[in-house]
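Notes for the one structure printed next.
In what follows, chains are A, B, ... by sequence order, proteins preceding strands, each numbered from 1.
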Number of protein chains: 4
Amino acid sequence: MVSDRGVRRRRANGEESRRRILDAAVEIAGERGYEGTSIKLVSARCGLPASSIYWHFKDKDELIAAVIERSFGSWLGAMVLPDADDVADPAARERQRVRGLAAQVARSLLESPDFLRLGLMLALERRPEQPTARTVFLRVRQEARERVSAAITELAPELGPEQVELLSLYALAAADGLFIAYQIGGEEVDLLGLFELHAHALIDAVARLRGRPEV
Amino acid sequence: MVSDRGVRRRRANGEESRRRILDAAVEIAGERGYEGTSIKLVSARCGLPASSIYWHFKDKDELIAAVIERSFGSWLGAMVLPDADDVADPAARERQRVRGLAAQVARSLLESPDFLRLGLMLALERRPEQPTARTVFLRVRQEARERVSAAITELAPELGPEQVELLSLYALAAADGLFIAYQIGGEEVDLLGLFELHAHALIDAVARLRGRPEV
Amino acid sequence: MVSDRGVRRRRANGEESRRRILDAAVEIAGERGYEGTSIKLVSARCGLPASSIYWHFKDKDELIAAVIERSFGSWLGAMVLPDADDVADPAARERQRVRGLAAQVARSLLESPDFLRLGLMLALERRPEQPTARTVFLRVRQEARERVSAAITELAPELGPEQVELLSLYALAAADGLFIAYQIGGEEVDLLGLFELHAHALIDAVARLRGRPEV
Amino acid sequence: MVSDRGVRRRRANGEESRRRILDAAVEIAGERGYEGTSIKLVSARCGLPASSIYWHFKDKDELIAAVIERSFGSWLGAMVLPDADDVADPAARERQRVRGLAAQVARSLLESPDFLRLGLMLALERRPEQPTARTVFLRVRQEARERVSAAITELAPELGPEQVELLSLYALAAADGLFIAYQIGGEEVDLLGLFELHAHALIDAVARLRGRPEV
DNA sequence: AATGAATGAGGATTCATTCAT
DNA sequence: AATGAATGAATCCTCATTCAT
């Protein structure tokens with residue numbers, strides 16, 4: 001006999017099943033949000049019966065939270081402020097690094113946009129009982145923001161902490177908006193161009209704030 | 001006549017009932033998105049039985065579309081590029097007008113954020129059969145963008161159409177992101193400050209693009 | 001056309017549907033207790049779809065509570081301490097009346113045992129979250145006990161209140177036990193004989209307590 | 001060797017695991033009845049995985065039956081008609097012995113009421129396929145009744161067998177009822193007082209039946 | 001202009017049980 | 001002697017919608 005796959009009872013392998021469930025869930029939740037993600041749909045997409053999903057995750061809430069945890073975490077790990085050693089002028093070099101990061105973010109969002117779409121949908125909801133996934137998203141997002149703040153401080157050490165906070169919030173928030181614009185407009189939207197514009201905007205903003213003492 | 005005694009006369013008033021339903025629906029849909037908005041919930045919030053909602057609206061799809069239509073339409077009507085006649089220097093005047101508009105938008109979003117939250121949730125979803133409300137939102141949004149394009153052209157007539165398109169998209173998209181940041185962070189987020197920053201970013205971007213021929 | 005019954009959409013009649021649901025539920029719950037009463041089973045027995053049951057009752061808890069309320073209430077209404085005017089000797093007359101009531105209770109339990117079986121099952125359960133039906137049962141039962149206390153006071157006014165309470169509790173509690181014995185043993189159990197014995201036991205107990213002052 | 005460090009050595013000890021399962025099951029089943037006792041709940045309470053329960057017991061039915069067998073059996077073994085040799089008058093001595101037994105039963109029920117609560121719940125249910133546990137309960141109960149019959153015959157040898165049967169049934173059945181009253185009323189119910197009353201009632205009943213030939 | 005009642009489909013979740021290891 | 005993983009059937013309940021009045 002060749003194999004079992006696809007038809008008969010496959011041998012129990014918790015680790016792999018969990019991964020398959022998460023793979024299915026991230027797609028569906030990224031497309032339809034929290035409510036739109038039915039366990040049956042996930043079950044159909046991953047090939048395991050609905051009741052098996054409950055072996056791996058306590059309930060839907062925990063499943064979606066795990067989706068966010070895994071995908072946002074791994075995404076964040078991939079983002080790094082790049083170097084630009086080949087550029088002589090320091091100001092130009094920093095500009096180059098910021099534009100590099102912006103391009104990096106833009107490209108990663110073009111590749112795997114599911115988790116951010118899900119995260120933003122969760123962030124927008126205002127139910128009486130917020131899903132755990134929302135909290136998880138906000139937490140991981142906060143990490144991202146701290147990284148951006150650190151990068152800004154590195155680039156412009158003379159800025160006050162409140163200015164840095166405002167700038168990092170603006171950087172992330174506007175990026176979310178650009179992403180949404182791309183979600184809406186599809187291929188017609190020049191996401192790389194928008195992020196390029198945004199990188200310039202940030203650099204100009206840093207320069208402008210540098211010139212005046214914090215309020 | 002026997003009837004009506006003791007009870008507040010419930011005049012069969014279609015117009016008012018329709019309004020009550022929409023009022024309830026905009027709240028709930030703004031909190032929970034399309035899927036999260038159940039007819040039963042709307043019925044409970046507006047006090048009319050579920051079947052009455054179906055007298056006024058063909059189905060849920062049409063109801064949510066009407067919500068978007070009404071609320072986004074009326075919001076858009078309120079947004080106008082303000083004048084700043086008291087400022088002498090033309091460049092400074094334009095800067096003043098842009099900042100005025102940004103403040104206007106920020107304030108309006110602080111007041112009634114439900115419709116935009118709903119709109120963005122709809123925009124982010126990717127289901128096989130998109131709700132009509134999504135289409136309606138995208139249409140009204142497109143109107144908004146055309147207005148912004150017109151304003152940019154007014155401010156900087158020498159820009160090429162592609163540059164104007166990119167700028168107007170950036171203006172709107174980033175504004176969405178700032179709104180979301182406020183949704184996430186609540187009172188702690190200085191929405192007016194963010195929009196102020198955004199206004200400057202736009203003006204700087206216009207200035208920068210003015211300097212070079214369109215790509 | 002003759003009629004609709006049995007097949008097609010019957011005309012909406014809330015009152016009657018509610019009654020049919022309760023009729024089905026009292027049978028099933030009397031047989032299988034709270035957990036054993038599935039909505040699907042009730043639906044099958046009463047002919048209405050499960051979702052229609054939820055039009056009439058908020059949830060299963062409320063349904064079972066309504067079952068207790070209706071059936072125990074109507075049962076209690078039927079129980080009355082009978083007269084025995086034709087007996088000359090006062091002591092013998094009271095004895096006659098007590099035996100008459102015991103026989104009445106025994107006969108009613110032979111006829112419609114469902115509600116008491118359900119009530120006792122509910123009373124025996126000890127879950128963290130007790131069903132409302134249990135509370136309802138205990139309440140109606142308390143009413144029954146107050147009636148018994150009143151009857152005892154009428155028969156033996158010189159008894160102290162604590163003695164009356166003990167006797168009424170004993171009267172009801174032992175009667176429950178006799179009922180259960182009949183449930184277990186079926187036709188072989190002489191329920192009327194047991195209640196006869198119980199009536200004598202109560203009368204003897206009253207006589208015994210009369211003789212001594214309350215502790 | 002690497003294994004076992006840090007964890008309490010979990011010796012594979014069938015006997016102890018079986019006991020832990022039964023301990024958990026008697027509690028839960030005593031609280032929630034047959035249907036209310038889920039394998040998962042038992043598993044959670046005893047700390048063993050659900051599949052391990054199936055290693056020790058064929059199915060849920062057998063588990064609950066074993067619960068009844070163990071707990072009711074051991075309870076019954078502890079009940080004995082006590083002696084009262086220090087009392088001179090034979091009639092008074094018998095009375096003393098009966099009251100002693102009643103007190104013994106009452107006290108044992110105050111200590112460990114779970115098994116009787118479960119047994120009575122099982123006895124009350126009327127499902128198409130009765131659980132084995134019910135049969136087991138009825139069997140052990142029948143043993144108890146035979147003991148009571150024997151004791152009555154010892155006390156009053158002149159009673160006919162049908163009278164003895166009626167009396168033993170009344171003795172047990174009413175005792176069940178008193179137990180339930182205690183379950184309902186909790187600490188406020190004077191279970192010992194009720195059993196005292198019941199002992200007197202039985203003695204009086206024996207005396208009364210002694211006086212007349214069997215019907 | 002409205003509404004009480006009904007309804008099939010689908011929601012999340014738990015059930016008792018089995019099987020491979 | 002035990003257990004992690006899996007599974008189909010059943011659980012309670014909500015869904016959007018319709019229909020007769």
Side-chain angles (χ1 to χ4, degrees), chain A residues 4 8-18 35-43 47-61 63, chain B residues 10-18 35-43 48-61 63, chain C residues 4 8-18 35-43 47-61 63, chain D residues 10-18 35-43 48-61 63:
Chain A
D4 264 356
R8 288 271 75 193
R9 179 189 299 278
R10 55 200 114 233
R11 74 195 179 87
N13 183 341
E15 213 52 55
E16 212 226 305
S17 293
R18 196 187 143 94
E35 294 262 357
T37 302
S38 85
I39 297 293
K40 201 175 190 178
L41 220 48
V42 175
S43 151
L48 289 161
S51 49
S52 290
I53 297 177
Y54 284 88
W55 171 261
H56 294 275
F57 302 94
K58 189 170 89 39
D59 54 19
K60 178 172 158 175
D61 193 55
L63 168 62
Chain B
R10 189 182 295 199
R11 266 206 293 142
N13 184 337
E15 212 50 55
E16 212 228 306
S17 292
R18 194 187 145 94
E35 293 262 358
T37 302
S38 83
I39 298 293
K40 198 182 188 181
L41 220 48
V42 175
S43 150
L48 293 163
S51 48
S52 292
I53 296 176
Y54 281 87
W55 197 91
H56 290 278
F57 303 93
K58 185 173 131 301
D59 54 18
K60 177 174 159 175
D61 195 56
L63 169 63
Chain C
D4 262 357
R8 287 272 76 193
R9 177 188 300 277
R10 52 199 115 233
R11 72 198 180 87
N13 182 342
E15 214 53 54
E16 212 226 307
S17 293
R18 199 187 139 93
E35 294 261 357
T37 302
S38 85
I39 297 293
K40 200 176 191 178
L41 220 48
V42 175
S43 152
L48 289 162
S51 49
S52 291
I53 297 178
Y54 285 90
W55 170 260
H56 294 276
F57 302 93
K58 189 169 89 40
D59 54 18
K60 179 173 156 175
D61 193 56
L63 169 62
Chain D
R10 189 180 296 198
R11 266 208 290 142
N13 183 335
E15 213 49 55
E16 213 228 302
S17 291
R18 195 187 143 94
E35 293 262 357
T37 302
S38 84
I39 298 294
K40 197 182 187 180
L41 219 48
V42 174
S43 150
L48 293 163
S51 48
S52 292
I53 296 177
Y54 280 88
W55 196 90
H56 291 278
F57 302 93
K58 188 171 128 303
D59 55 17
K60 177 175 161 176
D61 194 55
L63 168 62

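Look at C:His56 and you won't find any side-chain N or O under 4.0 angstrom from OP1 or OP2 of E:dG4. Using a 4.0 Å cut-off, no side-chain N or O of B:Trp55 falls inside it from OP1 or OP2 of E:dA1. Between D:Ser17 and F:dA2, a side-chain N or O to OP1/OP2 separation shorter than 4.0 Å is present.
The side-chain contact (heavy atoms from CB on, under 4.5 Å) check on A:Ile53 picks up A:Ile21, A:Ile39, A:Val42, A:Ser43, A:Phe57, A:Leu63, with sequence neighbours excluded.
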Treating primed atoms plus P, OP1 and OP2 as sugar-phosphate and everything else as base, which nucleotides of nucleotides 10-16 of chain E get B, S or - for protein heavy atoms under 4.0 Å?
-SSBBSS
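Set against E:dT7, F:dT3, F:dT7, the side chain of D:Pro49 has F:dT3 as its closest nucleotide.
Here the CH2 atom belonging to B:Trp55 is positioned 9.0 Å from the OG atom belonging to B:Ser17, to the nearest 0.5 angstrom. Atom CD in D:Glu35 sits 6.0 Å away from atom NZ in D:Lys60 (nearest 0.5 Å). Rounding to the nearest 0.5 Å places CZ of D:Arg18 at 13.0 Å from CG of D:Leu48.
In this structure, CD1 of B:Ile53 is placed 10 Å from P of F:dA16, rounded to the nearest angstrom. The CZ-P distance, from B:Arg18 to E:dA1, rounds to 12 Å in whole Å. Look at CG on C:Asn13: it is 15 Å from P on E:dG4, rounded to the nearest Å.
With the end axes of the helix from E:dA2-F:dT21 to E:dT21-F:dA2 each set by five pairs, the angle from one to the other reads 10° at 10° resolution.
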